[in-house]
Each structure stands twice: as structure tokens, then as C-alpha cells.
> 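Following this message is one structure expressed as C-alpha cells.
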Amino acid sequence: ILSGVKTNKLKFGGGLEKDEYRRLCDAVNYASSLPIYIDSTNIVKASALGLRLNGLHSSDNGPVWMMSVDYLELLARSEHTKESKEQAVEEVTRQCQIFSRDTSSCVVLISQSTQDSGKFQIAGADGTRYSRGIYMTADAVCEVWNPVFMKKALIRFEIPEGLNDSQPFMLIEKDREMGISPPVGLGWEPEYRRFRDPALPD
């Protein structure tokens, strides 16, 4: 994404041009210089999440300024057979909220929405998958609506008033600080799997 190298070239081969390879190396070097910790164990349970975060925050690698989870439903695994997926998701979001409040850090949770059966294919504020606890706990909830992708995937939809089908939009469905604001238009570069600010030069 950072290098602007087409993902298909990395997945299926075909070779990189010299400029592409240089951009890829520059992006790797930049990313490796950032104070990023990636937990790739994929076994953190909700009850242990707070302990793991607080331990990292107070360690030599801390403090934690921002944490992101991609994606929430995989992290929220039920620890007990009697615990529903809804309860597991709500517990993870609650642990993240507590950590954010205690440390003043930013926590970003990426979650899949439940696809709306309506004509616009927008899930809306009530469309968080598995749990309304996500909406209730979060300070801000944003949904990305990408008609460019849907057209290519042959997903039928209609265009809501005020939007268009030539670019994605970020829909602000909750914001404790600023309130609901108009949709934000985004640029979309499918060959790089990335969004961009359309106000910036190419």
C-alpha cells in the first residue's frame, strides 16, 4: 500500500520494475523504523487483552499511543461454550474502551458490518456485526461505502441522495465529540488496495 506496487505482482509474480522495487524497499525501510508492535499470535482472549495491553504500555516498548485490531470478530473468540459471539465481541470492545480511557491512547477496531438488504447496500449505524455493544461503546463509528468495488463485483445497489458511484465514501455514523457530519469522499486505487485523499495531488 505504501509503495504503490500492484499487489498482483507480489502475489502471482511477474517481476517488478526497478522503480517499483525501489519504492517497495523504501516503504519497507520506513515501516521498519516505526515503533510498531505486531501481535501475530492470534490467541489473545478478551479477558487477557487488558493485561497484554497494560503490560506493553508500561514496558520498555511503551507507551502505547495507538492500537488497531483487524479484525474484531477474529479477536473476539468465545472463551466459554456458554458465551455467545455477541457477548465475546462486547467484552473485547469494553476492554479496549477501558484501556483507551486509562492510557489516553487511540484504539481503532476494524469490524465487518452486516450487509443491509436495502437498495443502497449500506449497513448503517445498526449494522455492526454480532453486537450493538460496538456502537454503544465506541466514541466514533465510521462505515466505508465503496460503490466502485460493488460495481466491479456486480453487486446491485442504488445511489443515495448526495453520493455518487464514482468514488468511495466514509459515512460518519457516530461521533461523541463532533456529532454526525456529512459523508467524506475518498479516492480508491484498486490496484494498490488503498484509499487516498482526493484533495491531494496524484
Side-chain angles (χ1 to χ4, degrees), residues 1-2 4 6-7 36 46 49 64-77 84-101 103-202:
I1 290 175
L2 289 174
K6 293 183 178 180
T7 54
I36 296 176
L49 180 62
V64 176
W65 298 107
M66 177 178 177
M67 183 194 78
S68 60
V69 174
D70 184 13
Y71 75 103
L72 176 60
E73 284 75 18
L74 288 181
L75 181 61
R77 293 180 173 179
S84 68
K85 191 70 171 181
E86 179 179 357
Q87 291 171 320
V89 168
E90 189 165 349
E91 176 62 15
V92 168
T93 55
R94 190 180 69 83
Q95 291 287 345
C96 289
Q97 182 193 48
I98 293 171
F99 176 74
S100 177
R101 298 287 191 269
T103 62
S104 298
S105 62
C106 174
V107 176
V108 178
L109 303 178
I110 300 174
S111 176
Q112 211 171 38
S113 61
T114 299
Q115 188 179 49
D116 180 57
S117 58
K119 58 186 178 181
F120 301 131
Q121 300 294 347
I122 294 175
D126 293 326
T128 51
R129 178 164 288 190
Y130 296 115
S131 175
R132 281 279 295 165
I134 300 172
Y135 179 83
M136 300 302 293
T137 304
D139 290 323
V141 176
C142 305
E143 178 179 0
V144 176
W145 184 73
N146 192 344
V148 181
F149 171 82
M150 288 193 289
K151 282 193 294 185
K152 187 173 182 180
L154 302 179
I155 298 173
R156 298 180 62 183
F157 65 94
E158 292 186 22
I159 306 170
E161 184 178 353
L163 306 186
N164 62 65
D165 64 351
S166 61
Q167 67 177 128
F169 288 88
M170 183 169 63
L171 309 175
I172 315 299
E173 293 168 345
K174 178 184 179 182
D175 191 325
R176 291 190 199 273
E177 297 293 328
M178 304 295 293
I180 303 301
S181 57
V184 178
L186 304 171
W188 171 242
E189 298 171 330
E191 65 272 30
Y192 308 131
R193 302 293 195 272
R194 69 183 179 189
F195 296 98
R196 65 176 178 83
D197 185 342
L200 296 176
D202 293 333

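What you see below is based on every heavy atom in this structure, not just the backbone, and it leaves out hydrogens, waters and symmetry mates. Keep in mind that this is a model prediction, so the values were computed, not measured.
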> For Val141, what residues pass the side chain to side chain contact (heavy atoms under 4.5 Å, CB included) criterion, not counting sequence neighbours?
Tyr135, Ala138, Glu173, Lys174
> Would you say the ring centers of Phe120 and Trp145 fall short of 6.0 Å from each other?
no
> Could you measure the distance from the NZ atom of Lys6 to the CD atom of Glu191? Nearest 0.5 Å is fine.
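Taking NZ in Lys6 and CD in Glu191, the distance rounds to 6.0 Å.
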> With rounding to the nearest 0.5 angstrom, report the CD to CG distance, Glu158 to Leu163.
13.0 Å
> Who passes side chain to side chain donor-acceptor pair (under 3.5 Å) against Ser105, sequence neighbours left out?
Thr103
> What's the shortest heavy-atom distance between Arg194 and Ile1, and which atoms?
NH1-O, 2.5 Å
> Testing the basics here: between Phe157 and Gln121, what is the closest heavy-atom pair and its distance to 0.1 Å?
CB-CG, 3.8 Å
> Once you round to the nearest 0.5 Å, how far does CD of Glu91 lie from OG1 of Thr137?
10.0 Å
> The criterion is side chain to side chain donor-acceptor pair (under 3.5 Å); which residues satisfy it with Arg176, sequence neighbours excluded?
Asp139
> What residues form a side chain to side chain contact (heavy atoms under 4.5 Å, CB included) with Val184, not counting sequence neighbours?
Met170, Leu186
> Report yes if the side chains of Thr93 and Leu109 come closer than 4.5 Å at any heavy-atom pair, otherwise no.
yes
> Taking all heavy atoms of Pro168 and all of Gly187, pick out the closest pair and write down the distance.
CD-C, 4.3 Å
> To the nearest 0.5 Å, how far apart are CD1 in Ile122 and OG in Ser113?
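It is 10.0 Å, given to the nearest 0.5 Å.
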> Taking only residues two or more places apart in sequence, or in another chain, which ones meet Asp165 in a side chain to side chain donor-acceptor pair (under 3.5 Å)?
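If we apply the side chain to side chain donor-acceptor pair (under 3.5 Å) test to Asp165, skipping adjacent residues, there are no hits.
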> Determine whether more than 12 heavy atoms belonging to other residues, nucleotides or ligands lie under 6.0 Å from atom CE of Met66.
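More than 12 within 6.0 Å, yes.
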> Leu200 and Arg196: which non-hydrogen atoms are nearest, and at how many Å?
O-NH1, 4.1 Å
> If you measure from CG on Asn164 to CZ on Phe169, what distance do you get to the nearest 0.5 Å?
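Rounded to the nearest 0.5 Å, the CG-CZ separation comes to 4.0 Å.
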> For Phe149, enumerate each residue passing the side chain to side chain contact (heavy atoms under 4.5 Å, CB included) test, keeping only those at least two apart in sequence or located in another chain.
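With sequence neighbours excluded, Phe149 shows a side chain to side chain contact (heavy atoms under 4.5 Å, CB included) to Asn146, Ala153, given in chain and number order.
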